[in-house]
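Take a look at the structure below.
Every value quoted in this text rests on a predicted model; they were computed, and no experiment measured them. Only heavy atoms go into these numbers, but all of them, side chains included; no hydrogens, no water, no symmetry mates. Sequence lines set the chain letters: A, B, ... in the order given, protein chains first and strands last, and positions in each chain run from 1.
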Number of protein chains: 2
Amino acid sequence: MARTKEFNEDQALDKAIEIFWHKGYNGTSAQDLVTHLGLSRSSLYDTFGDKQQLFTKSLQRYQQQAQDAVKELLEKSENVKETLQAIFKQAVIESLEDRITKGCFMVNSSVELAMHDEEIAKIVKSNSQTMEEVFTNAVQKGQEAGHISKQLDAKVLARFIFNNYSGIRVLARAGERNKEVYDDIVKAVFSVL
Amino acid sequence: MARTKEFNEDQALDKAIEIFWHKGYNGTSAQDLVTHLGLSRSSLYDTFGDKQQLFTKSLQRYQQQAQDAVKELLEKSENVKETLQAIFKQAVIESLEDRITKGCFMVNSSVELAMHDEEIAKIVKSNSQTMEEVFTNAVQKGQEAGHISKQLDAKVLARFIFNNYSGIRVLARAGERNKEVYDDIVKAVFSVL
DNA sequence: AAAAATACGGAACAATCGTTCCTGAATTAG
DNA sequence: CTAATTCAGGAACGATTGTTCCGTATTTTT
């Protein structure tokens, strides 16, 4: 006996991700959300509670999407080193071609909110742990296959890779548009593997 | 025929750096500034104009201080590699011991504001360039002295070092308190040099 | 047809934002 | 002393913030 929802909640979340990613939490107003999601104020608050809940859900969804992508690539990979290189190259391409450089939503949120919001801190921490595991497993696989040097522990390399990934995303957010800079970093990173 | 200033403008700026660093631009209210700087609203606006100008001046001052410190250390250094290691170790210590983890003011501001504020973008860019130069000169010196591998160009290594420095500051801002994580990253970084 | 649920637009809310202004006291130099 | 300047405190500004609520139209199920 009820009317059906007219908008897709996940699609709305994707749009929320876009604008929060671009403007940050504090930089995004309720009006921004109404305009960009295409929902009325009422529907927005009925569906997602308040701004904070909407942000949290957005970040969680982003995390899931980003993790799944990397995870699948690495687990299905036959040559982990090459796959890692492809992942970094993709990050570089995105950093350069995005007319609106957004960096990484997780990094941005981490810098803006992690120390002031317990819930965000949890998400960031869980993300770091998961990514560390994913990279560690990948590196291990690569070491066993002889594609990656065994000079350093898999976990050491995983943390190192993740750190450079973060760094690159900060560079992008800062508006760096010189491809050489990114390429140099990637070159140095992979000289270790 | 005039009353003399009772507060030191630079000291006030240092306090502004503290709170902007901790809470970010959007997260810091005018009241926060009044409370933390110990100035009245009127004096604050008379002296610094508005919030944006105060922030800009704070960031510029921070940049100057941070650059001078690193610059002097590296230029006076007899063993650049060891000095670089000391700089990283210091960053790790700060990340761990700061009860209130603030990360790096430049990185934070870059992530929060660079894409929305032209002036901040300029400062960030000038900072990157200067740091790149400083690191490049240092690496060159280290390579000539035989302390640092010549396998990669000085500029490549400089950008690589800077990138990992940023990454570590993001980690700190995210609240990472596990020393192993930092140590692993530093270990991997210096395996390249 | 009736009832239940959803969406919408917009008015309205209190709170906070950054900023300006006014008053009066304090301090300095001529 | 006088004039000039700086301070603090607080009232007040309009704008914007996030949020709630109301009225109404629409769509679905019983």
Between Thr28(B) and His36(B), is a side-chain contact (heavy atoms from CB on, under 4.5 Å) present by the stated rule, with each step listed? CA-CA 10 Å; Thr28(B) 304; His36(B) 201 259; over 6 Å; no
Starting from [atom2] on [N], measure out to [atom1] on [X] and report it in whole angstrom.
X        : N       : atom1 : atom2 : result
Asp46(A) : dT19(D) : CG    : P     : 13 Å
Lys23(A) : dT17(D) : NZ    : C1'   : 14 Å
Leu33(A) : dG18(D) : CG    : C1'   : 10 Å
Phe48(A) : dA7(C)  : CZ    : C1'   : 14 Å
Leu37(A) : dG18(D) : CG    : C1'   : 15 Å
Ile19(A) : dG18(D) : CD1   : P     : 11 Å
Leu44(A) : dG18(D) : CG    : P     : 11 Å

With sequence neighbours left out, which residue pairs that include part of residues 16-41 of chain B fulfil the salt bridge (charged side-chain N to carboxylate O under 4.0 Å, His left out) condition? Lys23(B)-Asp32(B)
Can you get from Val111(B) to Phe20(B) by hopping between Ile, Leu, Val, Met, Phe, Trp and Tyr side chains that sit under 4.5 Å apart? no
Does the Tyr182(A) side chain pair with the main chain of Glu176(A), one donor and one acceptor, at a distance under 3.5 Å? yes
Correct closest heavy-atom pair for Asn163(A) and Ile168(B) would be OD1-N, 3.3 Å
Smallest heavy-atom separation, Leu37(B) atom then Ala12(B) atom, equals CD2-O, 3.7 Å
Sugar-phosphate means primed atoms, P, OP1 and OP2; the rest is base. With that split, encode nucleotides 13-24 of chain C 5' to 3' as B, S or - using protein heavy atoms under 4.0 Å. ----SSBBB---
Parallel, tilted or perpendicular, judged at 30° and 60°: which one describes the rings of Phe105(A) and Phe55(A)? perpendicular
Taking only heavy atoms on the protein side, list every residue of residues 108-118 of chain B lying under 4.0 Å from any atom of DNA chain C, sorted numerically. none
Phe190(B)-Phe88(B) aromatic ring centre distance below 6.0 Å: yes
